[in-house]
Amino acid sequence: MKLGIMGGTFDPIHLGHLATAEAVREIFALDEILFIPAARPPHKLHRTVTDEHHRLQMTILATRSNKFFRVSDMEIKRTGPSYTIDTMNELHATFGRTTELFFIIGADSLADLQKWHEARELVAKCHFIATTRQGVDVDFSAVEKFFGASAIEHIHRVTTPDFEISSTDIREKVRLNRSIKYLVPEVVEDYIAREKLYREQD
Ligand code: ATP
Ligand code: MG
């Protein structure tokens, strides 16, 4: 079994996340994609990340219509910081060693990969799929040098369609009372309206 992992804050999840996950699933013939909403990440503490149950719920709603998509609350449930190595170990324990894990990351994160906690062990034991936009060049030589020739076979690069969508932009649009139609699934649009998310506090 080949399992794709899509981690993110998903505040909110949008069509860029979903379309990218679906494209990667097809290209790499993955059996399933597991969406794992992150617990409030330390580097995002400068702004208030939306309550975890809302982000989890939106992720569940957004992925429900795709039989290859699943959602896990493992990072939200974990206490303390979430390292990808912990997530990998937990997934191996759950799905068994024969399940190959493919972490999907933005190409910009690829440049940082060597700074991740236990980076070499991580790359030795699972795969990374770095998604790049057409025309965006990522310097791969430093990554190659750090991880070495054999490990680099676990780091895959793929060009995916460019969806000019970000959660930041969606939150801003909602705040300004502008339309987010066709940027998020309808179920997520409805959820945001119903729960009055991303509105200015008064
Ligand atoms: P924010 O604007 O709050 O940073 P975001 O839109 O970047 O949010 P995240 O939850 O931070 O969303 O992203 C989760 C993962 O999805 C990351 O690996 C990120 O690179 C990727 N991603 C985000 N937006 C897109 C997009 N439009 N197309 C493809 N991948 C995306
Ligand atoms: Mg982001």
Intermediate values then yes/no, salt bridge (charged side-chain N to carboxylate O under 4.0 Å, His left out), E90 and R78: CA-CA 11 Å; E90 209 172 318; R78 193 181 293 149; 2.9 Å; yes
CA sep, side-chain torsions, deciding dist, call: I155, V123, side chain to side chain contact (heavy atoms under 4.5 Å, CB included): CA-CA 7 Å; I155 303 178; V123 170; 4.0 Å; yes
Starting from the C-alpha separation in whole Å, work towards a yes-or-no answer on side chain to side chain contact (heavy atoms under 4.5 Å, CB included) for L3 and D31. CA-CA 6 Å; L3 181 66; D31 295 290; over 6 Å; no
What do the steps show when you test F103 against W116 for ring-ring contact (aromatic ring centres under 6.0 Å, His included), and what is the final call? CA-CA 13 Å; F103 285 89; W116 288 23; 7.9 Å; no
Audit row: T50, R171, side chain to side chain donor-acceptor pair (under 3.5 Å) steps and yes/no: CA-CA 10 Å; T50 304; R171 292 192 300 272; over 6 Å; no
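Rounding to the nearest 0.5 angstrom, the gap separating the CZ atom in F102 from the CD1 atom in I5 is 10.0 Å. For the atom pair L122 CG and H117 NE2, the distance stands at 10.0 Å (nearest 0.5 Å). How far CD of E186 is from CD1 of I180: 11.0 Å, rounded to the nearest 0.5 Å. Distance check, rounded to the nearest 0.5 Å: NZ of K125 to CD of E118 gives 8.5 Å. In this structure, CG in D51 is found 12.0 Å from CD in Q57, a value given to the nearest 0.5 Å. Remark: L56 CG to I76 CD1 distance equals 4.5 Å, nearest 0.5 Å.
Annotation: cation-pi geometry not satisfied between R55 and F10 (NZ/CZ under 6.0 angstrom from ring centroid, within 45° of ring axis). With a 6.0 Å cutoff to the six-membered ring centre and a 45° limit on the axis angle, R120 counts as a cation-pi contact of F146. Cation-pi geometry between R157 and F140 is met: the NZ or CZ atom falls under 6.0 Å from the ring centre, inside 45° of the normal.
Side-chain atoms of T160 and V24, non-hydrogen and from C-beta on, do get closer than 4.5 Å to each other. Between H54 and Y191, some side-chain heavy-atom pair lies under the 4.5 Å cut-off. You'll find the side chain of T131 stays beyond 4.5 Å of the side chain of I105, heavy atoms only. Considering only heavy atoms from C-beta on, M88 comes within 4.5 Å of L101 through its side chain. Between L176 and V174, every side-chain heavy-atom pair lies at or beyond the 4.5 Å cut-off. A heavy-atom distance below 4.5 Å is found between the side chains of L34 and L91. Between P185 and L18, the closest side-chain pair of non-hydrogen atoms falls below 4.5 Å. The shortest distance between side-chain heavy atoms of F28 and I129 falls below 4.5 Å.
Clustering ILVMFWY residues whenever any of their side-chain heavy atoms sit less than 4.5 angstrom apart, transitively, puts V49 in a cluster other than the one holding I170. Hydrophobic clustering (side-chain heavy atoms under 4.5 Å, transitive across Ile, Leu, Val, Met, Phe, Trp, Tyr) keeps M74 apart from F69. Placement of F68 and F95 in two distinct hydrophobic clusters is found when ILVMFWY residues are connected by side-chain heavy-atom separations under 4.5 Å, directly or transitively. Side-chain heavy atoms closer than 4.5 Å link hydrophobic residues (I, L, V, M, F, W, Y) into clusters, and following such links, possibly through other members, connects F163 to I104. There is a path of hydrophobic side-chain contacts, each under 4.5 Å, that joins F128 to M1.
Screening residues 59-69 for side-chain hydrogen bond (donor to acceptor under 3.5 Å, both in side chains), with sequence neighbours left out, gives E22-N66.
Minimum heavy-atom separation, A130 to L110: CB-CD2, 3.8 Å. Shortest non-hydrogen contact noted between F147 and A119 is CE2-O, 3.6 Å. Between M58 and I13, the shortest heavy-atom contact is O-CG2, 3.6 Å. Nearest heavy-atom pair across F35 and A21 is CZ-CB, 3.6 Å. Contact record, M6 with I33: CB-CG2, 4.1 Å, taken as the closest heavy-atom pair. Counting all heavy atoms, side chain and backbone alike, V187 lies closest to L61 at CG2-O, 3.5 Å.
Under the 4.0 Å criterion applied to side-chain N and carboxylate O atoms, R178 and E172 are not assigned as salt-bridge partners. At a threshold of 4.0 Å, the pair R194-D190 does not count as salt-bridged, since none of the basic side-chain nitrogens sits closer than that to a carboxylate oxygen.
The backbone N or O of T99 sits nowhere less than 3.5 Å from a side-chain atom of K2 that would complete a donor-acceptor pair. T9 places no side-chain N or O within 3.5 Å of a backbone atom of D11 that could act as its donor or acceptor partner. Without hydrogens or angle criteria, D86 side chain to S82 main chain gives no donor-acceptor distance under 3.5 Å. H17 places a side-chain N or O within 3.5 Å of a backbone atom of H14 that can act as its donor or acceptor partner. No side-chain donor-acceptor contact under 3.5 Å links S72 to the backbone of I36.
Note: H127 and H156 have parallel aromatic rings, judged against thresholds of 30 and 60 degrees for the angle between ring planes.
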